[in-house]
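FYI, side chains are in, hydrogens and waters are out, and symmetry mates aren't considered; it's all heavy atoms of this structure. Counting begins at 1 with the first residue of the sequence. We count ligands from 1, going down the list as the structure has it; atoms in each ligand are counted the same way.
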Amino acid sequence: TRSTRPQRLLRAVQQKAIKGDPQSVISAIDYFCRHSEWAMNVGDEKGSILDSVVCEVCPTTALELGTYCGYSTVRIARLLPPGTKLITLEFNPAFAAVARQVIEYAGLQNKVCLVEGASGDLIPKMCQMFGIKTFDFVFIDHWKDRYLPDIKLLEECQLLRKGSILLADNVICPGTPEYLEYVRNSPHYESKYFKSHLEYTKVEDGLEKSVFLG
Ligand SMILES: CNc1ncnc2c1ncn2[C@@H]1O[C@H](/C=C/CNC(=O)c2cc(-c3ccc(F)cc3)cc(O)c2O)[C@H](F)[C@H]1O
Ligand SMILES: [Mg+2]
């Protein structure tokens, strides 16, 4: 049977990147998506905004909603100091399988914990599964209509603390109107929009950075 796009993306990493070199894995995926097949990775332009926010926050605990092929997982994990963990949630087993191999190829398996399952089921289990009290940083990039319910769930589970940073992809394209309205109008968040472009295109998109105020 025909290979899937994630499998072809993984093959591009295995053929073009250097094992153990996260930057070469990132470049191999960006090259593949620009010159062979577009894929919904956060990409290089929004990815450098992601990098700068991660470096500014220096999270000790980080969560990613929606692993897909692991591109943003590698971008985030490569910047984390030793001893910190990025927990990434992915409910599609085929995507999770590809992501595990991408993360391993980058040599970052010791900084990443990929959990297969739905965010709605797993978020309430973060404390019992990992002893996590609160997350310093959350990167949101899964189904766009799940951004808002899932941050409300993070609040309910008391997994956010004063100063926790949420960074959401695609707030313009495909768009997350309910999420944006909430974080921009809620007294519990201070929000800022980082204008950019949809990965590998000239279409406008951007990231929304929101600080939880408690
Ligand atoms: C709901 N709970 C979930 N729990 C765990 N994993 C999940 C959950 N929900 C989804 N996943 C997992 O998270 C991923 C989902 C990513 C969705 N991303 C997009 O749709 C998305 C779309 C575009 C896009 C823009 C323009 C255009 F013309 C076409 C596409 C651009 C982007 O950057 C995106 O991120 C994965 F696939 C799914 O299994
Ligand atoms: Mg995205």
Consider every N or O of T67 and every N or O of ligand 1, then say whether any pair is closer than 3.5 Å. no
Flag atom 27 (C) of ligand 1 as yes if some protein heavy-atom distance to it falls below 4.0 Å, otherwise no. no
Would you mind checking which non-hydrogen protein atom is closest to atom 29 (C) of ligand 1, with the distance to 0.1 Å? W38 CH2, 4.2 Å
Ligand 1 to D150 polar contact by distance, N or O atoms, under 3.5 Å: no
Within less than 4.0 angstrom of ligand 1, does G43 place any heavy atom? no
Indicate if the distance from the Mg ion (ligand 2) to the nearest N, O or S atom of E199 falls below 2.8 Å. no
P174 near ligand 1, heavy-atom distance under 4.0 Å? yes
M40 backbone or side-chain N/O/S under 2.8 Å from the Mg ion (ligand 2): no
Is any N or O atom of N41, backbone or side chain, closer than 3.5 Å to an N or O atom of ligand 1? no
Aromatic plane relationship, H35 with Y31 - under 30° parallel, 30 to 60° tilted, over 60° perpendicular: tilted
Once you restrict to heavy atoms under 4.0 Å, what part of D169 touches ligand 1? Side chain, backbone, both or neither. side chain
Check: R146 N/O within less than 3.5 Å of ligand 1 N/O: no
Below the 3.5 angstrom mark, is there an N/O of G120, backbone or side chain, next to an N/O of ligand 1? no
Decide whether an N or O pair under 3.5 Å exists between Y68 and ligand 1. no
Once you restrict to heavy atoms under 4.0 Å, what part of D205 touches ligand 1? Side chain, backbone, both or neither. neither
